[in-house]
Amino acid sequence: MAHDAFITYAWAEGTGVASALQHAIKTIGTPWYGTGTLAVHRDTTDTEPSGSLRSDLFAELDASRYLILLASPKAARSRWVEREVGHWLSGSGAAALHAGDAPKPIDRLILVLLDGEIHWGRDDFDWSRTDCLPRALSGRYAALPRYIDLRWAVGREDLSVHDPDFRSEAATIAAPIIGTSRRELLGRDVREFGRARRTALSALAALALLLVVSLVVSGVAIVDGRSEARAHDRAAADLRTTAAQAFLRDATRLRTSDPERALQTGMAAQYLAPGREATRALTEALRATPFAGVVRTHAMQAAVLSPESLLASDGGTISSWDLDPVQRRSRVPAPGGVMAAGKDIIAVGAQLWDGALRTVGTVPFTGVSALGFSPDGRTLATGGSAGQVRFWDVSTPSAPRQRGDVIGGGTEQVTALAFGTDLLAYARSGTVRIWRVADGAPTAQLATVDGPTDVTDLAFSPDGARLAVASAAGIQLIDVTQPTAARRVRSTGRYSTLAWSSDGKWVAGGGDNGAVTVWDAGTRLPVISASAQKGLVLDLVFDGPTLLSAGADGTVMRWSVIPAALPYGSAALIGAACRRAGGGLSREVWESYAPGVDYRDTCAS
């Protein structure tokens, strides 16, 4: 018998997930009365991996188009799993040899992670850190393959296709086997669920009508009718309870990784199952995250933020946005490059633009790698690929003129520069240099700080007394009067952009993994830490006790540095969550969690 997929796993630990996954893959997107469109084989015998594979497993493996590997440390140590994977990939079983089959393509092996870690090395898995894959996969991939992470599902007794997260992951697995997209398959599943629900309701209505007729004709007691009604009510209640549980779980699970969705699912749970548990989940979602709102624009490669507006470059255009309310003012073609904004001028590479995004001038300098405007906006500093820094008077943007001498030079580019009140700092080749500036021109070098490698950003505190440095070594705070006494803030990961609060109390960093952290500049300890944006954080700005972060994913998120007091009562909590999240779940997202449960915009008045 031919199979669409064969599930291989360490029997002792993966039985529950394997069984639920087999059922979900077979039935997702199928009518309620059907048995499924896919044939998925799972070996249900607890066989010790001694000797060779059984002949019946040869046949099952050879007849399978896809292999689903449930990866875990026990699976990696199982000779049984090793042989099944090796045999399937080689296509060397008896049936395959007689049929003349070629080895199975690696893209038909679907990895599902149940436990352990997967790490990629230079041209293969990093086997010193990867502990959940059989060595039969060594050398099979050219790059890190995609895998489905189901570690959260292990040990769950309520695991079923009715769980929206599990259904979504099952659709990811089943879609390529069926030959469709995950989105289409989930949509089909929602439609089939709705059709089944309508069929059930129609059947109940027909039964009720027949019951009425029979009562009129024969005077039969109405007990059966009441039983049907109670059954219908119980079915509807079960649907709401299942959906509420899914909403509650994500209200807890997504607090740090997706606080907007955590608040929205918390509100949905409060609507479907009002009570102590839902109120507690929504309260904790509000308390656990500094998230204070989000604005969505479009994907970008460079950005400059102010508390009220955003300038964004996607490499081919520049856009200007108002943030409250969100509205794009203008968008014009423009080359990509580093960006900086002064009081009235925007610099993108060597080009100068005004606030209406009209080209007003060009700086006669090539190879721009870093930019910075003086506080009064009249001087632009440009760092170059050859390590030099030049100062330009841009009071008349159409005719920029050089001020003072060229500083720096060498073979490595300037990676960051920043103005203070009467200072300029720039980074090049493992050093940070601080210069005195007067009337927009350099006058004397004050200090050279060695050590910070691969500096990504520099920022002076508002009083000019401290310089924040983001580099491969983390984030350091340098006292300008004692520049050799650099102090690190307590941080992990890599940060690419910096910002100071207007009073110099806080310094913030944005990272290349969406991380946003605010530190107390005195104690150098983190005040808030979050990671909700996708990809690089491009720019940060403080607006009083609120931090705004612009991400490459096109979002501008707000973060409250000072925790807000939480209101009392469920209605007030929902109001606070609506203000932070900017609204409830969309109909599409609601139906992915709760197919068959009537949609409700939980923030609608």
Side-chain angles (χ1 to χ4, degrees), residues 297-306 309-321 328-420 424-428 433 435 437-443 456-459 497 538-539 541 550 552:
T297 61
H298 58 69
M300 43 193 167
Q301 296 177 2
V304 177
L305 268 175
S306 76
S309 63
L310 167 72
L311 291 167
S313 168
D314 61 9
T317 63
I318 298 177
S319 302
S320 63
W321 297 77
R328 185 165 63 195
R329 294 196 303 265
S330 54
R331 184 178 188 180
V332 298
V338 291
M339 293 180 66
K343 287 188 173 182
D344 303 306
I345 303 172
I346 304 159
V348 182
Q351 286 191 324
L352 303 179
W353 306 72
D354 64 12
L357 296 187
R358 294 173 300 202
T359 305
V360 293
T362 302
V363 175
F365 183 67
T366 58
V368 175
S369 60
L371 293 167
F373 280 94
S374 61
D376 62 11
R378 295 191 304 169
T379 300
L380 173 67
T382 57
S385 56
Q388 72 277 40
V389 177
R390 286 182 168 86
F391 296 75
W392 308 90
D393 183 344
V394 290
S395 301
T396 304
S398 59
R401 60 184 182 85
Q402 187 170 325
R403 281 180 162 172
D405 298 327
V406 178
I407 62 175
T411 59
E412 298 186 32
Q413 71 176 8
V414 175
T415 59
L417 59 80
F419 270 100
L424 177 122
Y426 74 95
R428 176 180 62 83
R433 292 172 170 82
W435 280 73
V437 176
D439 194 27
T443 58
T456 53
D457 200 14
L458 299 166
T497 185
L538 300 172
D539 199 26
V541 67

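Counting begins at 1 with the first residue of the sequence.
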**Prompt:** Can a donor-acceptor pair be found between the side chains of Ser320 and Ser330 at a distance below 3.5 Å?
**Reply:**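 Per modelled atom types, Ser320 and Ser330 side chains form a pair under 3.5 Å.
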
Please report the C-alpha distance between Val368 and Val363 in whole Å, then the side-chain angles of each, then the deciding distance to 0.1 Å, and finally whether the side-chain contact (heavy atoms from CB on, under 4.5 Å) criterion is met.
CA-CA 10 Å; Val368 175; Val363 175; over 6 Å; no

Check side chain to side chain contact (heavy atoms under 4.5 Å, CB included) between [X] and all other residues, then give those that pass, not counting sequence neighbours.
{"X": "Thr366", "result": "none"}
{"X": "Asp344", "result": "none"}
{"X": "Val304", "result": "Leu311, Met339, Ala341, Asp539"}
{"X": "Ala312", "result": "His298, Met300, Leu310"}

Where [X] and [Y] come nearest, the two heavy atoms and their spacing:
{"X": "Trp353", "Y": "Pro333", "answer": "CH2-O, 3.6 Å"}
{"X": "Ser369", "Y": "Val338", "answer": "O-CG1, 3.6 Å"}
{"X": "Ala340", "Y": "Leu371", "answer": "CB-CB, 3.8 Å"}
{"X": "Leu538", "Y": "Ala302", "answer": "CD1-N, 3.8 Å"}
{"X": "Trp435", "Y": "Pro442", "answer": "CE3-CB, 3.8 Å"}
{"X": "Leu380", "Y": "Val394", "answer": "CB-CG1, 4.1 Å"}

So the salt bridge (Lys or Arg N to Asp or Glu O under 4.0 Å) pairs with at least one residue in residues 353-372 (sequence neighbours excluded) are Asp354-Arg358

Rounding to 0.5 Å, atoms OG1 (Thr362) and CG (Leu352) come to a distance of 6.5 Å

Here the gap from Ile318 atom CD1 to Thr359 atom OG1, rounded to the nearest 0.5 Å, amounts to 8.0 Å

Extract all donor-acceptor atom pairs below 3.5 Å that involve side chains of residues 402-420 and protein atoms in other chains or at least two apart in sequence.
{"residue": "Arg403", "atom": "NH1", "partner": "Thr379", "partner atom": "OG1", "Å": "2.5"}
{"residue": "Arg403", "atom": "NH2", "partner": "Asp393", "partner atom": "OD2", "Å": "3.1"}
{"residue": "Thr415", "atom": "OG1", "partner": "Val455", "partner atom": "O", "Å": "2.8"}

Between the side chain of Ser319 and the main-chain N/O of Arg331, is any donor-acceptor distance below 3.5 Å? no

